Amino acid sequence: MEYNFKEIESNWQQFWKDHKTFAAKDGGDKPKYYVLDMFPYPSGAGLHVGHPLGYIASDIVTRYKRHKGFNVLHPMGYDSFGLPAEQYAIQTGQHPKITTENNIAVYRRQLDKIGFSFDWDREVRTSNPEYYKWTQWIFIQIFNSWYNPRTNKAENIKSLIAILETEGCKGIDHDILTGDIEKEVPAFTGEEWKAFDEKKQSDILMNFRLAYLGESFVNWCPALGTVLANDEIKDGVSERGGYPVERKMMKQWSMRITKYAQRLLEGLDTLDWTESLKEAQRNWIGRSEGSSLRFKTSIQSRSNSLSNKSVQEITTEFSDVYIEVFTTRPDTVFGVSFVTLAPEHELVASLTTPEQKAAVEAYIIQTKNRSERERQAEIAKITGVFTGSYVEHPFTGKQVPIWIGDYVLVGYGTGAVMAVPAHDSRDYAFAKHFDLPILEVISGGDLSKEAYDAKEGKLINSDFLNGLDVKEAVKKAIAEIEAKGLGKGKVNFRLRDAVFGRQRYWGEPIPVYYKNDIPYVLEESELPLILPEVDKYLPTEDGEPPLARASSSWKKDGKYEYEYSTMPGWAGSSWYFLRYMDPHNGSEFASKKLTDYWKQVDLYIGGSEHATGHLLYVRFWTKFLKDLGYIAIDEPAKKLINQGMIGGTSELMKEVRINREEIEEYNSVSKEIVIKKDGREIKRLDIGNGSDHCHVYLSYDSNLGVEYFDKENKTSINTELFQENRANVKYVMNSVLNIDKWIADQNYYRGSILISDEGYWNNDVYYDFEGNKIQSISFKTKPVVEKMSKRWNNVVNPDDICETFGADTLRLYEMFLGPLEQSKPWNTNGITGVHGFLKKLWRLFFSPSGGGQGEVVFAISPDEPTKAELKTLHKTIKKITEDIERFSFNTSISNFMICVNELTEVKCNKRAVLEPLLICLSPYAPHITEELWKQLGHTESITLAPFPDFNEAYLVDDNVNYPVSFNGKVKFTLELPATLTAPEVEAIVRQNENTVKFLDGKEPKKVIVVHKKIVNMVV
RNA sequence: GCCCGGAUGGUGGAAUUGGUAUACACGUACGUCUCAGAAGCGUAUGCCUUACAGCUUGCGAGUUCGAGUCUCGCUUCGGGCACCA
């Protein structure tokens, strides 16, 4: 009987489906284990080749844990709201719901083919009303909450109202009322609060709500017609689509994630995540310690610049106007030679003198027109303008000029900095450019060339700080600032509040309506607020989001307008791991009983691209739900693994690095390039032996064009340029025969030369124009599978592999490629190796029938295994267990191969050996093992079989093979009984004829014997 | 610029606590089976050598009886953050 993987795999996939083999039970005696994959966005392109990598790994762990007696929850679902479906809808008019459903069907078919053991009864889709009902419900809870600094957790807004009613706003730290920026806060008493009308109360509460409607600078993407969060932007353009993004002041919904900054940071220490991922989150949160400091300006104002207008109105007295800055270097305060404001800073207008008005206004217009991308690209370009006004230095009393510069960001700190050009390179560049004074206050640097940024040295020219080192000076400066009431020691975070509204159609409606200009959230009984139908998926003519198109019929109680923006992509994914625990609950997002049972995700697998997006938001919502007592856990996932990215076949593989000097010659007769390293020829590139054409990449700058050459005529066939700007062209190759020329001319070149049917050399030369850089060369072999069929070129679809080799081969192959966390190019080299392994395993169970040629029958022996067979088996059990516990799947497959090779060698077909082996292998290759398990006479799925125990006794060797080394170099080995003690081993080794030979009559200075390991003689 | 993580044969990679570097697989070569192909099976394969010998984990030092593994310096690739005060 042949190994007919197609039949076997479809049969077992059907069996599992029919028997609900992988359904997780909510409770029971078994310990629980929760394995979660990041659910996919069902794109039209189908399952991406990178997806199965993580899914296979998690499925192996899942199946292994089941064998080990755990009750495993392993669900799957779809993150089915999102931009691509909507963009497609805009183009085609097709409802995103339809395309999404079609895509999901494709995904499901693809997933099923690979034999995953998901509990599909728990499937969730974020775009289903039964699901987003609870996303909306959570939003309402967040809206109805504030962050109480006294208890350091989120609480219902009622507890804040209680405080305001009794204590007034004096009962609240200033920080809470005004956000992170410390300002004069107008006081109101509890009685006054009660007297405020509903609108005023609502406005004040909006400053506290964890989901709030507020005016702030946002990243506006005109092409997508929506605002974006910081993590949705890469290098100044939108992550999806790569459209430009600009800064814009807008009123929209946000989440006050900043209140959780400290806890999100501290929580990382409790997590078993990779250091690099935790580091990425730490960078993103960006905690920095320093001090606030106020500088008195020369103007006075009756308005005191509170962002909350209703509070503002109650203040009528005149007061001094201060510029507040945040600094991490309060020690350098005596080095302040100017103060810089962000162009958007609220005091800019009032501080500008009439003489400077025109210049300042021009500058502000200039910076406004500059896109975020331009600003980032032109970081070296220093721009700024003087306001004409001055502040008073708080310690020296000197007049310090106030400048405006776009290197100061309105979104961070206070949008104003105290500039210390001597000890901050950005301030230094600004000061040099505008010829402002540079005051040295820390010794140790040379200020004629650059700023001295290091936090080392002694303070000078700094009054009471003189003579201190930086650390002491920071402390003393803060103490002095606080004593004088000029500011206080403070922690600042880079993390921004998360923009929550999206001016798009395909997302969860925000469950809010407006009555008398006051936003109200819906009652739970009114959920879900169903996404309305619209005639077009575009904004209205008035620029309102697409949902406004439904406004004529879509009204709360037929009267009040709903919020027209929808939730961002991350809303639904911020709590889906909880819904899997109780997916059909109609009265709660998940019952407390079940969330208490399943608790945390034990293993979470997904891509590292979610490091600063999803993985931060899901932690935020988890902490929030814990604060309100809905769940018992503080972090969503204890252990997280990022599977590596999978690149395309055309990506570079391994490189050989060679200095240009080492390219010795190009022989234009034999058409060979000879590369030498350390005087040795290491590679000979034969370009004369190629196929029908050569193509050569020509480099103009850092990027390239490609030129194709006809091999026979040596003429250029076609040229494609990837870079428009040809100003940097230093050299253009006219024909392939010029290879000798570009070597001689030391030009910057990059090329790829097809040399044979087996593969080609990708030849990357990184010479700079000085000719002293290096070249890297790599050899690429064509995918083996390409030999069988042309369509295997550039395989990206897992279905095709399942079709040709089977799902078990695909699973093993993806794991065998290398460590899970490592990024690797996708290529199908070597897939025959793992496929051959499965066939070899299959053959262990079959013997020639004696009938027709090649006929085999299932034949298994009941005999007792030999000692060697038991050793092979138990060695494998031990290694596989260890490998799987540390997620080293590639090595476990090697170990299976070794095991099967050894068993094949001794023609072992004994039940007592093969049965346990099948169980070990079944997490990796579930179909073939189920089939053989059934052939062995079992009627139940192998899934339920307990994992075999490993017995140390079988691994004990009678003999030890001692390597004998001299000065650390192994010369020969000696097999000795394991019972010998170290001195006995030494005595035997000394007498050994080989030892005598290598010692050559000399007495070893020292002999080291490591018992059961090695012998080393020092001579 | 700052912060993480890498670099091992022709290729993907192994080496778990400092103890025989290159397991396992691919590729390649030769052989075998076959009318033939596919698929098997067998042998060889780090480099340099006819062979002995010698050399080898990006480069250079150091610690150690012994270093791919530990320490320091450098090169380079990948990732994250980035006028964040």
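On a predicted model such as this, the values are computed, not experimentally measured, just so you know. The chains referred to below are lettered A, B, ... by the order of the sequence lines, with proteins before strands, and numbering in each begins at 1.
Annotation: of the two residues near RNA chain B, A/Gly411 and A/Ala280, the 5′-most nearest-nucleotide partner is A/Ala280. Across the interface with RNA chain B, nearest-nucleotide mapping of A/Asp883 and A/Ile893 shows A/Asp883 to be the residue nearer the 5′ end.
One cannot find a donor-acceptor pair under 3.5 Å joining the base of B/C81 and the side-chain atoms of A/Asn283.
Side chains of A/Thr612 and A/Asp231: a donor-acceptor N/O pair is absent below 3.5 angstrom, by distance only. A side-chain donor-acceptor contact under 3.5 Å links A/Asn1016 and A/Ser965.
Of the P atoms belonging to B/A14 and B/G60, the separation is 25 Å, rounded to the nearest Å. B/G66 and B/G12 are spaced 30 Å apart, taking the C1' atom of each and rounding to whole Å. With C1' as the reference atom, B/U28 and B/U64 are 41 Å apart, rounded to whole Å. Between B/C33 and B/G42, the two C1' atoms lie 11 Å apart (nearest whole Å). Spacing of C1' atoms, B/G9 relative to B/U22, comes out at 7 Å, to the nearest Å. To the nearest whole angstrom, the two C1' atoms, one in B/G18 and one in B/G62, are 15 Å apart. Between B/U57 and B/U11, the two P atoms lie 16 Å apart (nearest whole Å). B/G13 and B/G40 have their C1' atoms separated by 26 Å, given to the nearest Å.
As rounded to whole Å, 16 Å separates atom P of B/G80 from atom CG of A/Asn230. With rounding to whole Å, A/Tyr412 atom OH is found 13 Å from B/C81 atom C1'. What separates CE of A/Met897 from C1' of B/G13 is a distance of 12 Å, to the nearest Å. The separation between A/Lys840 atom NZ and B/G42 atom C1' is 11 Å, rounded to whole Å. Atom OH of A/Tyr813 and atom P of B/A25 are 15 Å apart (whole Å). Taking atom CD of residue A/Glu609 and atom C1' of nucleotide B/C81, one finds them 17 Å apart after rounding to whole Å. What separates NZ of A/Lys907 from P of B/C41 is a distance of 11 Å, to the nearest Å. To the nearest angstrom, C1' of B/G80 lies 13 Å from CD of A/Glu275.
Side-chain proximity of A/Ile1014 to the nucleotides B/A14, B/C41, B/G19 is greatest for B/G19. Closest to the side chain of A/Val1018, from the set B/C81, B/A39, B/C65, is B/C65. Of the candidate nucleotides B/A14, B/A23, B/G40, B/A14 has the atom nearest to the side chain of A/Thr891. Of the candidates B/C81, B/U20, B/A25, the closest approach to any side-chain atom of A/Asn901 belongs to B/A25. Picking from B/U20, B/A39, B/C41 the nucleotide with the shortest atom distance to the side chain of A/Lys839 gives B/A39. The listed nucleotides are B/C41, B/A25, B/G19; the one nearest the side chain of A/Phe816 is B/A25. In this structure, of B/C4, B/A14, B/A85, it is B/A14 that holds the atom nearest to the side chain of A/Asn890. Among the nucleotides B/U16, B/U20, B/C81, the one closest to any side-chain atom of A/Trp284 is B/C81. Each of B/U20, B/G19, B/A85 was ranked by its minimum atom distance to the side chain of A/Lys1013; first place goes to B/G19. Side-chain atoms of A/Lys1006 lie closest to B/C65 of the nucleotides B/G19, B/C65, B/C26.
Of the residues listed (A/Leu271, A/Leu268, A/Leu495, A/Leu265), the one engaging A/Gln281 in a side-chain contact (heavy atoms from CB on, under 4.5 Å) is A/Leu268, and it is the only one.
Inter-residue side-chain proximity for A/Asn492 and A/Tyr412 is flagged as met; some heavy-atom pair is nearer than 4.5 Å. A 4.5 Å side-chain heavy-atom check between A/Leu955 and A/Phe950 finds at least one atom pair inside the cut-off. A/Ile801 places none of its side-chain heavy atoms less than 4.5 Å from the side chain of A/Tyr813. A/Leu841 places none of its side-chain heavy atoms less than 4.5 Å from the side chain of A/Tyr3.
Among the protein residues, A/Lys878 comes within range of no part of the nucleic acid, since none of its heavy atoms lies under 4.0 Å from any strand. Across all strands, A/Glu882 comes closer than 4.0 Å to base atoms (heavy-atom distances). Among the atoms of the strands shown, none is found under 4.0 Å from any heavy atom of A/Ser965. Note on A/Ile1008: a base of the nucleic acid sits closer than 4.0 angstrom, heavy atoms only. Among the atoms of the strands shown, only primed sugar atoms or phosphate atoms (P, OP1, OP2) are found under 4.0 Å from some heavy atom of A/Arg843. Here A/Val408 lies in heavy-atom contact (under 4.0 Å) with a base. Contacts of A/Ser894 with the nucleic acid, taken as non-hydrogen atoms under 4.0 Å apart, include base atoms.
The phosphate of B/G13 (OP1 or OP2) has a side-chain N or O of A/Gln822 nearer than 4.0 angstrom. Listed pair A/Ser288 / B/A85 meets the phosphate criterion, a side-chain N or O lying under 4.0 Å from OP1 or OP2. The side chain of A/Arg494 contributes an N or O atom lying less than 4.0 Å from OP1 or OP2 of B/A82.
The partner of B/A82, taking Watson-Crick or G-U wobble pairs whose two distances both stay under 3.5 Å, does not exist in any strand shown. Using N1 to N3 plus N6-O4 or O6-N4 for Watson-Crick, or N1-O2 and O6-N3 for G-U wobble, each under 3.5 Å, B/C74 pairs with B/G58. For B/A36, there is no paired nucleotide, since no Watson-Crick or G-U wobble pair has both relevant distances below 3.5 Å. Judged by Watson-Crick or G-U wobble contacts below 3.5 Å, the nucleotide B/U22 has no partner. B/G31 is paired with B/C41 under the Watson-Crick or G-U wobble criterion, all donor-acceptor distances under 3.5 Å.
Here B/G9 is in the syn range [glycosidic angle within 90° of 0].
No donor-acceptor pair under 3.5 Å is formed between the side chain of A/Asn895 and the backbone N or O of A/Thr876.
We find the CZ-OG1 distance between A/Phe816 and A/Thr809 to be 12.5 Å, quoted to the nearest 0.5 Å.
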